[in-house]
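Structure record follows, encoded as structure tokens.
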Amino acid sequence: KYEIRERKELDKKIGADYIGLFYEDVAFAVKNATEDRDERSFFFFFDGTEIITDKFDVFEPFSDGIARVAEMIEEGTKTEWSDFFIDKNGKNIIPDNQKNTPISARSFSEGVAAVQRDHRWFFIDKNGNDVITDGGNGFYEAQSFSDGLAPVLLVDPKSGIPKYWVVIDKNGNEVIHFEQSINQNPSHFSEGMAIIGKDILDENGNGKYVRIFIDREGKEKLTNNGRGFSRAEPFSEGLAAVEEDGEWRYIDKEGNEVIT
């Protein structure tokens, strides 16, 4: 990690308007930024050596040795965003037969990444090969893998209508099955727990949408005595931030309030 003084010296050395944090020994920077878009962006090592100098409109930190970047493609009045992945040599890992296909994507995690093509989501490996596809059908929505699990929203292959959320393992097997609502929208797993949405009745008998925590078996673990939370963030270092009635606090994995 760089001290503030060292980061200031690095700013001067590479002449950047903005420098991101270092991940996997690499950070990104922007030069000649304007209100509309950046003139130039690049990745570099600790000593300021530039390693990838292509211009990107969107770029995320390296994860698993791969970074997700994106370009804005303008054709007349039409604008599209196309995501792709690069290694630390700047090589695009998407197969040649797919490079002209606009995709949306999430960053690599645990060796795979979720990508969207033709309105369906699939998981690819670091060679750009499809590895989890639900029998070629794809998913309506997909979260990144974490703790060996990923929430995905299944889709009807004929109608294209979303069905329900499940959680899959790295082999594509369903390990948790949800059927209450497509609005359950599970978060990624973190420290053995994920957050899902749930429809409940409040004390006046009115419908209310809240967030609760579940474990790796799909069992409800932290429900705030059945009231749920208005908002919740994943666990990190044993604590999770939750909000109820406009007030945020931190809870531990037993649901105890530890910081207000």
Side-chain angles (χ1 to χ4, degrees), residues 57-58 60 63 66 68-85 92-189 194-200 207-212 214 216 218 231-232 234:
D57 293 295
V58 175
E60 292 189 352
S63 174
I66 304 291
R68 183 182 77 87
V69 296
E71 290 182 339
M72 185 170 63
I73 304 172
E74 297 177 329
E75 296 182 0
T77 59
K78 185 179 180 182
T79 299
E80 286 188 339
W81 288 89
S82 183
D83 295 20
F84 56 99
F85 297 98
N92 185 346
I93 71 164
I94 299 297
D96 289 338
N97 64 344
Q98 297 179 15
K99 285 182 179 178
N100 294 323
T101 302
I103 66 169
S104 296
R106 308 198 190 286
S107 294
F108 268 84
S109 178
E110 300 186 2
V112 296
V115 300
Q116 185 188 44
R117 299 188 304 269
D118 299 325
H119 309 293
R120 300 287 176 91
W121 286 85
F122 306 85
F123 288 91
I124 64 171
D125 62 17
K126 291 183 180 181
N127 294 316
N129 300 315
D130 290 347
V131 290
I132 304 175
T133 67
D134 193 26
N137 186 46
F139 305 100
Y140 194 87
E141 180 61 272
Q143 305 283 9
S144 298
F145 271 91
S146 179
D147 290 353
L149 301 174
V152 295
L153 180 56
L154 300 183
V155 59
D156 184 275
K158 294 183 178 179
S159 67
I161 296 175
K163 299 191 326 187
Y164 48 81
W165 284 92
V166 300
V167 176
I168 59 174
D169 61 20
K170 295 292 282 293
N171 295 315
N173 299 317
E174 296 182 14
V175 295
I176 302 176
H177 187 89
F178 304 106
E179 286 188 340
Q180 186 194 37
S181 167
I182 63 171
N183 294 325
Q184 285 181 294
N185 194 20
S187 73
H188 66 273
F189 276 82
I195 304 162
I196 66 167
K198 183 177 181 179
D199 295 314
I200 65 170
K208 185 179 180 180
Y209 181 78
V210 298
R211 305 290 279 173
I212 63 172
I214 61 170
R216 291 174 60 88
R231 289 185 289 176

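Owing to the predicted nature of the structure, the values given are computational and were not obtained by experimental measurement.
No side-chain heavy atom of V115 sits less than 4.5 Å from a side-chain heavy atom of D83. You'll find the side chain of Y140 stays beyond 4.5 Å of the side chain of D156, heavy atoms only. With contacts defined as side-chain heavy-atom distances shorter than 4.5 Å, the pair K170/F123 does not qualify. For the pair Q184 and Y164, the minimum side-chain heavy-atom distance is 4.5 Å or more. You'll find the side chain of F122 stays beyond 4.5 Å of the side chain of V131, heavy atoms only. Side-chain contact between V167 and F189 is present, with heavy atoms from C-beta onward closer than 4.5 Å. At least one side-chain heavy atom of E141 sits under 4.5 Å from a side-chain heavy atom of W121. Residues D134 and E174 fail the side-chain proximity criterion, which asks for heavy atoms closer than 4.5 Å.
Note: I168 CD1 to F145 CZ = 4.0 Å, rounded to the nearest 0.5 Å. To the nearest 0.5 Å, the span separating CD1 on I66 from CD on E60 amounts to 13.5 Å. To the nearest 0.5 Å, the span separating CZ on R216 from CG on L149 amounts to 4.0 Å. With rounding to the nearest 0.5 Å, the separation of CD1 in I124 from CZ in F85 is 5.0 Å.
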Please assess N185 against R211 for the test side-chain contact (heavy atoms from CB on, under 4.5 Å), listing each intermediate value before the final yes or no.
CA-CA 10 Å; N185 194 20; R211 305 290 279 173; 4.3 Å; yes
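Shown here for G218 and I176, the closest heavy-atom pair between the two residues is N-CD1, 3.4 Å. The two residues H188 and S144 come nearest to each other via the heavy atoms CB-O, 4.1 Å. Closest approach of D147 to E110, counting heavy atoms only: N-OE2, 2.7 Å. Residues G197 and Y209 approach most closely at CA-OH, 3.2 Å, considering heavy atoms.
Applying the salt bridge (charged side-chain N to carboxylate O under 4.0 Å, His left out) criterion to R120, with sequence neighbours excluded, gives no partner residue.
Formation of a donor-acceptor pair under 3.5 Å by the S107 side chain with backbone atoms of R68 is not found in this model. N171 places no side-chain N or O within 3.5 Å of a backbone atom of N173 that could act as its donor or acceptor partner. Judged purely by atom type and a 3.5 angstrom limit, N137 uses its side chain to pair as donor or acceptor with the backbone of V155. A side-chain donor-acceptor contact under 3.5 Å links S187 to the backbone of I195.
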